[in-house]
Amino acid sequence: MESYEPASTRPSRSGLTLETFILEGMLEHPGARGRFTSLLSQLALCSKLITSRVRRAGLADVLGYTGKTNIQGEEVQKLDEEANNTLMRVLSRRGSCAAAASEEEETIRLLSPEPDADYLCVFDPLDGSSNIDVNISIGTIFGILSKKHPGPATEQDFLQPGRELLAAGYVIYGSSTMFVITTGKDVHGFTYDPTVGEFLLSHENIRIPEHGTIYAINESNRERWEPGIRNWVDWIRTGKDGPGRSYTQRWVGTLVADAHRTLLRGGLFTYPDDERNKTGKLRLLYEANPFAMIFEAAGGAATTGRERILDIQPTELHQRVHLALGSKEEIAAYDDFVSGKRED
Ligand code: AFP
């Protein structure tokens, strides 16, 4: 697996294409066979293909529902289906990805029978689909795991804790399209330049601030929360140093957009469990784990309020989890409230 030297020790590489960046990562590892590199560039290609559809969403006949319901019980949008098909099709081509697990499919899909197809991919092809038709930011989330056993991949092969991820990333289709990736050391962001058809390095070595002033939670769930979450929200609304407005609130309703803002600005994003979503709403394997890897690599943290997300041993492919992502300072206070150490 490739990893990258910390960016702080190098001259700025601003403007580098994502393809060159991925290749440089491989060249730093003389023994690398190029399979991991190939998988990353396939994901970059998928992002270009999906962004071209998203950018034409209001023009082409891709808005609205397919009439189907996915494994999560959610209605499938046409763009959800297209994004999923694009990822499955492209990833099945070069024989490096043995199998994939998607939010849109009940079980895993075998993609390559090659014995040296060493990798497994997990993804949410189009996060925030209820925001598609109203032209609000949506995204794609992905993670790469190694296939640890010979023979055809099984669902069990995917049930690895997030700390085993080799790489994680997301693409945000926002005011511009950005591809953010980590292999565990640094987090880098590439902005898509549609005039040249390339992702260019625009956010080198992203570090989340130690403390931020924005919190994100869907407060319409308040009556269903446990007391610890209600106490935390009451505290954060009052201001961390006593009465006064030191925090402000935002909620897009697309994890990728809310998490992206939190990564760049600091603060905290959470979707806790509640009486309706008893184990949380967001999915562990292809939503929480990739973001947890990214936040930790950027100097932040990711918890359930009681444990580190990356240490959770999954038991099911589509398992849901209480997820809080953010700056170290805000996550520490959140953990204290959820575990009952603080009530203030
Ligand atoms: P959709 O893909 O169905 O829009 O769900 C998006 C999402 O899983 C996640 O991206 C948001 O953070 C969360 O749901 C928003 O949930 P609420 O609608 O309950 O606020």
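Just follow the structure's listing: the first ligand is 1, and inside any ligand the first atom is 1.
Under a 4.0 Å N-O distance rule, the pair E219/R237 qualifies as a salt bridge. Under the 4.0 Å criterion applied to side-chain N and carboxylate O atoms, D311 and R163 are assigned as salt-bridge partners.
A side chain to side chain contact (heavy atoms under 4.5 Å, CB included) with Q249 is found for exactly one of I236, V233, I217, namely I217.
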**Asked** Would T303 and Y334 count as a side chain to side chain donor-acceptor pair (under 3.5 Å) if you check the C-alpha gap in whole Å, the side-chain angles of each, and the deciding distance to 0.1 Å?
**Response** CA-CA 9 Å; T303 75; Y334 185 83; over 6 Å; no
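The aromatic rings of F199 and F179 lie tilted to each other, with the angle between the two planes from 30° to 60°.
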List of N/O pairs, ligand 1 versus protein, all under 3.5 Å?
| unit_1 | atom_1 | unit_2 | atom_2 | d |
| --- | --- | --- | --- | --- |
| ligand 1 | 2 (O) | G128 | N | 3.1 |
| ligand 1 | 2 (O) | S129 | N | 2.9 |
| ligand 1 | 2 (O) | S129 | OG | 3.2 |
| ligand 1 | 4 (O) | S129 | N | 3.3 |
| ligand 1 | 4 (O) | S130 | N | 3.0 |
| ligand 1 | 4 (O) | S130 | OG | 2.8 |
| ligand 1 | 10 (O) | D127 | OD1 | 2.6 |
| ligand 1 | 10 (O) | D127 | OD2 | 3.4 |
| ligand 1 | 10 (O) | L255 | N | 2.7 |
| ligand 1 | 12 (O) | L255 | N | 3.4 |
| ligand 1 | 14 (O) | K281 | NZ | 3.1 |
| ligand 1 | 16 (O) | K281 | NZ | 2.9 |
| ligand 1 | 19 (O) | Y271 | OH | 2.6 |
| ligand 1 | 20 (O) | N218 | ND2 | 2.7 |
| ligand 1 | 20 (O) | W251 | NE1 | 3.1 |

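A donor atom on one side chain and an acceptor atom on the other are found under 3.5 Å apart for T177 and R55.
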